[in-house]
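Following: one structure in structure tokens, then a few remarks.
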Amino acid sequence: MKTDKWFYELFLSQPGMLADLIPDVDASWQFSYSAPVIKEKEFQFDGVFTPLSDNPMAPMVFAEAQMQTEENFYRRFFAEIFLYLEQYKVCRPWRGLLILPSRDFTFGPELPYQDLLEHRVTRLYLRDLRTKRKLNPNLALLQLLATNQAQSAVLGKELLQTAETEGEFERRLSLIETILANKFPDLTKEMIMQLLDLKQTDITQSRFYQQIRQEGRQEEAAALVIRQLIRRLGELSAAQVERIRSLSVLQLEDLGEALLDFTTMTDLDYHLARFQE
């Protein structure tokens with residue numbers, strides 16, 4: 001997947017993704033990401049995750065996402081690994097992670113690499129995720145890669161609804177938009193927003209928003225509503241921002257629900273004027 005580097009944003013932005021997929025990888029270990037070239041053969045990995053931990057048992061992870069049949073894939077993959085280990089003088093354990101579309105695809109003979117495939121490499125087949133239920137958020141994001149448009153919409157809404165912080169909501173929304181745009185190239189951003197039914201699945205339905213409502217954190221509520229308004233209408237004036245920051249939690253809740261129907265700045269100004277009446 002040389003053209004799909006966005007795929008690895010999932011691993012970089014979702015802490016613990018590698019630990020969810022690979023045995024013996026601790027969720028507390030952090031990794032840096034690169035896509036190094038093996039000079040002698042001009043091989044290049046999709047991704048190498050290098051442990052940032054001083055723990056010598058934290059493994060280096062060689063990751064590849066192969067979405068098409070390739071008769072020489074396993075030969076190439078293991079050749080890349082062992083050339084890398086020699087060239088970069090690696091002195092720690094390693095693991096392989098293969099993201100594959102289906103068990104029906106052919107990737108070359110397995111027998112020469114059977115022991116490595118069984119004990120060193122995790123193979124995740126996206127088709128196997130299609131019917132899974134109650135997956136954790138990391139695996140649910142990967143599940144998006146294997147679902148049709150209708151299933152993706154349902155799954156995307158569930159992921160947004162269970163976001164517990166504003167940052168997590170924004171991060172998941174960005175990833176979901178990117179995945180859907182790559183899977184369904186005909187979808188515009190507006191169509192993706194409609195597909196996710198953001199009129200119902202926006203901030204007012206997230207755990208973060210509900211926590212604000214329950215605890216009355218006015219400053220956080222104001223900041224969240226302002227971010228949603230900017231996304232929907234564009235940059236706000238200083239006067240509009242100041243007016244929004246002066247609203248009560250109940251007023252912010254009302255504005256947060258109403259903004260889903262705004263199409264122009266006039267709608268916002270009209271709504272803010274109502275609070276002064």
Does Glu242, at its CD atom, have more than 12 non-hydrogen atoms belonging to other residues, nucleotides or ligands within less than 6.0 Å?
no
Are the side chain of Thr178 and the backbone N or O of Ser174 linked by a donor-acceptor pair below 3.5 Å?
yes
When you measure from the side chain of Arg172 to the backbone of Glu170, do you find a donor-acceptor pair of N or O atoms at a distance under 3.5 Å?
no
With the side chain counted from C-beta on, respond yes when Met193 and Leu173 share a heavy-atom pair under 4.5 Å apart, and no when they do not.
yes
Smallest separation among heavy atoms of Ala146 and Leu126, with atom names:
CB-O, 3.0 Å
Residue pair Met265, Leu236: steps toward the side-chain contact (heavy atoms from CB on, under 4.5 Å) verdict:
CA-CA 8 Å; Met265 286 293 184; Leu236 307 180; 3.6 Å; yes
Do you see a donor-acceptor pair shorter than 3.5 Å between the side chains of Thr69 and Thr106?
no
Flag, side chain of Arg232 to backbone of Leu259, donor-acceptor distance under 3.5 Å:
yes
Step through the shown structure and confirm whether more than 12 heavy atoms of other residues, nucleotides or ligands are within 6.0 Å of CD on Gln30.
no
Might you point out which heavy atoms bring Ser53 and Ala58 nearest each other, and give the distance in Å?
CB-CB, 4.5 Å
Shortest non-hydrogen contact from Pro93 to Arg95?
CB-NH1, 4.4 Å
Any side-chain heavy atom of Tyr125 sitting closer than 4.5 Å to one from Arg123?
yes
Distance (rounded to the nearest 0.5 Å) between Gln251 CD and Arg243 CZ:
6.5 Å
Hydrophobic cluster membership, Leu160 vs Phe184, 4.5 Å side-chain cutoff
yes
Less than 4.5 Å apart, side chain to side chain, heavy atoms only: is that true for Leu18 and Trp29?
no
Is Leu52 reachable from Phe31 through a run of hydrophobic residues whose side-chain heavy atoms are each under 4.5 Å from the next?
no
Counterpart residues, side chain to side chain donor-acceptor pair (under 3.5 Å), relative to Thr263 (two or more places apart)
Asp267
Minimum heavy-atom distance Leu252-Val225, with the two atoms named:
O-CG2, 3.8 Å
Are Leu247 and Leu272 close enough that some pair of their side-chain heavy atoms sits under 4.5 Å apart?
yes
Got a second to check how far Leu180's CG is from Leu195's CG, nearest 0.5 Å?
6.0 Å
Is there side-chain contact between Tyr74 and Pro112, with heavy atoms separated by less than 4.5 Å?
no
Just how far is it from atom OG1 of Thr147 to atom NZ of Lys183, taken to the nearest 0.5 Å?
4.0 Å
Hphob cluster co-occupancy, Leu175 + Val154, side-chain heavy atoms under 4.5 angstrom:
no
Supply the atom-to-atom distance Ile192 CD1 to Ile176 CD1, rounded to the nearest 0.5 angstrom.
10.5 Å
When rounded to the nearest 0.5 angstrom, what is the spacing between CG in Leu116 and CH2 in Trp94?
5.0 Å
Which residues satisfy the ring pair (Phe, Tyr, Trp, His ring centres under 6.0 Å) test with Tyr113, sequence neighbours excluded?
Phe78
Is atom CD of Glu118 surrounded by more than 12 heavy atoms (other residues, nucleotides or ligands) closer than 6.0 Å?
yes
Distance check, rounded to the nearest 0.5 Å: Thr122 atom OG1 versus Asp20 atom CG?
11.5 Å
Would you check if the side chain of Glu64 reaches a backbone N or O of Phe77 as a donor-acceptor pair within less than 3.5 Å?
no
Taking the side chain as everything from C-beta on, heavy atoms only, tell me whether Gln66 gets closer than 4.5 Å to Phe107.
yes
Check: Ile99 and Asp46 side chains under 4.5 Å, non-hydrogen atoms:
no
For Arg92, salt bridge (charged side-chain N to carboxylate O under 4.0 Å, His left out) partners two or more places apart:
none
If you compare all heavy atoms of Asn148 against all heavy atoms of Gln151, which two are closest, and at what distance to 0.1 Å?
OD1-N, 2.8 Å
Answer yes or no: is there a side-chain heavy-atom contact under 4.5 Å between Leu139 and Lys132?
no
Heavy-atom count check: over 12 atoms from other residues, nucleotides or ligands less than 6.0 Å from Met57 CE?
no
Go through Phe262 and Tyr270 one step at a time and tell me if the side-chain contact (heavy atoms from CB on, under 4.5 Å) criterion holds.
CA-CA 10 Å; Phe262 291 175; Tyr270 175 79; over 6 Å; no
Taking salt bridge (charged side-chain N to carboxylate O under 4.0 Å, His left out) as the test, write out the residues that go with Arg120, two or more places apart.
none
Under the rule for salt bridge (charged side-chain N to carboxylate O under 4.0 Å, His left out), what residues qualify as partners of Asp128, not counting sequence neighbours?
Arg103
Tell me, please, which residues at least two apart from Lys89 pass salt bridge (charged side-chain N to carboxylate O under 4.0 Å, His left out).
Glu86
Taking Arg75's backbone N and O only, do any of them form a donor-acceptor pair with Asn72's side chain (distance below 3.5 Å, no angle check)?
no
State plainly whether the residues Glu168 and Arg171 are in salt-bridge range, i.e. N to O under 4.0 Å.
yes
Nearest heavy-atom approach of Arg274 to Asp254 is NH1-OD2, 4.2 Å
